[in-house]
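Data first, discussion second: the structure below is written as structure tokens.
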Protein chains: 2
Amino acid sequence: MRLAAIGPPLFLLPPAMPAKPTATPAPVAAALPAAGAARAIKKRQPHKRQLILDEAAHLFKERGFGNSSMRDLGARVGLDAASMYNHIRSKDEILDTICFQVSNTYIAQLLEVEQMAGPYLEKITELLRRHVRLMTTSGAAVSVANNEWKALTEPRLTEFKEARKRYEKGFAALIEQGIAAGELQPVNVSVALFTLLSAVRWVELWYRPGRSLSAAELEADLITMLLDGLKKPTA
Amino acid sequence: MRLAAIGPPLFLLPPAMPAKPTATPAPVAAALPAAGAARAIKKRQPHKRQLILDEAAHLFKERGFGNSSMRDLGARVGLDAASMYNHIRSKDEILDTICFQVSNTYIAQLLEVEQMAGPYLEKITELLRRHVRLMTTSGAAVSVANNEWKALTEPRLTEFKEARKRYEKGFAALIEQGIAAGELQPVNVSVALFTLLSAVRWVELWYRPGRSLSAAELEADLITMLLDGLKKPTA
DNA sequence: AATAAACACAAACAATCGTTTGTTTAGAAA
DNA sequence: TTTCTAAACAAACGATTGTTTGTGTTTATT
């Protein structure tokens, strides 16, 4: 019954507090100012802004948006709270940027997969694989987009929800078509969708680059388990 | 591609904002003062305290602990913020009570199932079933325990994490034994555990008593999908 | 060398936070 | 009645919140 080698405690799927990685790859599309909300301020050192965003993603993931102060964030970045306002517009804009970077990436992945050829089962697998991959490459940002989006302010809150719904509808359509094609079990589409999206969420909380399980192995195991089930076929 | 009948938008498993139900069943074990943290203050009207706790669970679920003020909560309860301090010790105590009510219930369910007879697959199914059932009966509290426990203060934060770990270890042991007995596929135990616990989490965000899918149907579909997989066996 | 822009910080702003205090109301116990 | 106490509110507490202002320092451009 060894659990230690693998996991940060997961009671009922809680955001764990990882040892602060001090540096983030952040492969989400770099801070395009999300339409109508955030205009960049970068001048001399555009990397400072990204540093703030990365550190904010980790802070918000660990403590939550509402429980994190700008002074906390400043301490992590190594800047006075006031100084950060040379690089960002507001605390809200930070959250906005993180959330929409993630949602834009997810939408882009959906569009790509939708245009692929091949059976629906392969499309679903590929979309799920990319979904998981974003978690392993941009875990903090994904975590914030998943857990802290409620703190977005109003027109953007609605926009985010709409983006989310678009992603879900696209994903659900693949499942529905897969069922119709006889590739998948005839389960309730929404139950299947939510279960899939939900099932992979622990990755964003658990995965750290140094883990014994590689990201590729994780992807494979996870997808196999979801598509084939835990139970051993009675054959 | 009808998704509407079933679901609140689930992008990557976000806490949805439900229409405020105005009344909660709250079948978690009623507010035993968690050891060393909360001593009840009830005098004349002990039900007022529970009303505050119920309303807090919904508020914290919708907006998050850090984004919810005592004045917000008071407005929902129909009381001045100050008046609530006749019934509760502090804002932290509210969160503490909610989190540990949930974790205590989960631990109790684990202990019960561990003592059952029968194959491991049945034990796992039963534990999963009770796990889901607590979400459908105490969704708001479960959601808060899952998402807001990070805001607990220190010694209780550690206690909560330990309770969570105990639950996980017990659950993992069942899976490991099931694999050893040849009842389950030989997957990585932790991957299986986290995937199962994670997969059912959308229920806490999606389920509402008035849904077209009954709680029982939901339980059945969900468990079947996780144990048998989404893919249609190529037979 | 001079100018201007980019950036950092100290100090302070109003607003809001959780909570305490003092007082009043209302019902139960004597 | 009188007495006691639970419970509600108004007002205010100090602390902290996000953010602005003013001023200085660095750095690149002319």
Side-chain angles (χ1 to χ4, degrees), chain A residues 31 37-53 55-57 59-60 62-99 144 148 150-154 156-157, chain B residues 31 37-53 55-57 59-60 62-99 144 148 150-154 156-157:
Chain A
R39 193 89 75 88
I41 312 187
K42 58 190 167 201
K43 312 266 180 85
R44 190 94 59 86
Q45 264 164 305
H47 82 282
K48 261 297 179 53
R49 177 181 161 88
Q50 194 58 46
L51 200 160
I52 294 173
L53 291 173
E55 214 62 55
L59 180 63
F60 294 167
E62 287 178 32
R63 300 230 280 259
F65 180 76
N67 302 307
S68 305
S69 75
M70 292 299 285
R71 287 164 181 85
D72 293 336
L73 179 56
R76 290 211 182 195
V77 177
L79 234 48
D80 235 63
S83 306
M84 291 189 295
Y85 283 82
N86 288 319
H87 305 276
I88 53 115
R89 282 205 129 77
S90 67
K91 190 191 179 192
D92 284 335
E93 187 222 21
I94 296 177
L95 180 65
D96 185 283
T97 303
I98 293 173
C99 287
V144 170
E148 308 297 331
K150 290 173 286 183
L152 290 171
T153 52
E154 221 4 302
R156 296 292 273 169
L157 175 59
Chain B
R39 194 89 73 89
I41 313 187
K42 58 190 167 201
K43 311 270 178 84
R44 189 94 61 84
Q45 265 163 303
H47 82 282
K48 262 296 177 54
R49 177 182 162 86
Q50 193 58 46
L51 200 160
I52 293 173
L53 291 173
E55 215 61 53
L59 180 63
F60 294 167
E62 286 178 34
R63 301 231 279 260
F65 180 76
N67 303 308
S68 306
S69 76
M70 291 298 286
R71 288 167 179 85
D72 292 336
L73 180 55
R76 290 212 182 194
V77 177
L79 234 47
D80 236 63
S83 306
M84 291 190 293
Y85 284 82
N86 288 319
H87 306 277
I88 52 115
R89 284 206 127 78
S90 67
K91 190 190 180 193
D92 284 334
E93 188 222 21
I94 296 178
L95 180 64
D96 185 283
T97 303
I98 294 173
C99 287
V144 170
E148 308 296 330
K150 290 173 287 185
L152 291 171
T153 52
E154 222 15 299
R156 297 291 275 168
L157 175 58

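Every chain is numbered from 1 and lettered A, B, ... according to where its sequence line falls, protein lines coming before strand lines.
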Item to complete: Give S83(B) one of three labels, base, sugar-phosphate or nothing, depending on what nucleic acid heavy atoms sit under 4.0 Å from its own.
Response: base
Practice prompt. Determine whether any donor atom in the side chain of D80(B) lies under 3.5 Å from an acceptor atom in the base of dA8(D), or the reverse, and answer yes or no.
Written response: no
Worksheet item: Would you say the side chain of N86(B) and the base of dA8(D) hold a donor-acceptor pair, judged only by whether the two atoms sit under 3.5 Å apart?
Response: yes
[X] [atom1] to [N] [atom2]: how many Å, rounded?
{"X": "R63(A)", "N": "dT16(D)", "atom1": "CZ", "atom2": "C1'", "result": "14 Å"}
{"X": "I88(B)", "N": "dT20(C)", "atom1": "CD1", "atom2": "C1'", "result": "13 Å"}
{"X": "I52(B)", "N": "dT19(C)", "atom1": "CD1", "atom2": "C1'", "result": "14 Å"}
{"X": "F65(A)", "N": "dT17(D)", "atom1": "CZ", "atom2": "P", "result": "13 Å"}
{"X": "M70(A)", "N": "dA10(C)", "atom1": "CE", "atom2": "C1'", "result": "17 Å"}
{"X": "Y85(B)", "N": "dT20(C)", "atom1": "OH", "atom2": "C1'", "result": "10 Å"}
{"X": "R89(B)", "N": "dG18(C)", "atom1": "CZ", "atom2": "P", "result": "18 Å"}

Item to complete: For G78(A) and for R71(A), locate the closest nucleotide of DNA chain C by heavy-atom distance; then report the residue assigned to the nucleotide nearer the 5' terminus.
Response: G78(A)
Item to complete: Report yes if a side-chain nitrogen or oxygen of H87(B) is closer than 4.0 Å to either non-bridging phosphate oxygen (OP1 or OP2) of dA8(D); otherwise report no.
Response: yes
Fill in: I94(B) vs L73(B) side-chain heavy atoms within contact, under 4.5 Å
yes
Discussion item. Quick check: do D92(A) and F65(A) have side-chain heavy atoms less than 4.5 Å from each other?
Written reply: yes
Worksheet item: Is there a donor-acceptor pair closer than 3.5 Å between any side-chain N or O of S83(A) and the backbone N or O of L79(A)?
Response: no
Worksheet item: Donor-acceptor pair, D72(A) side chain versus S69(A) backbone, under 3.5 Å?
Response: yes
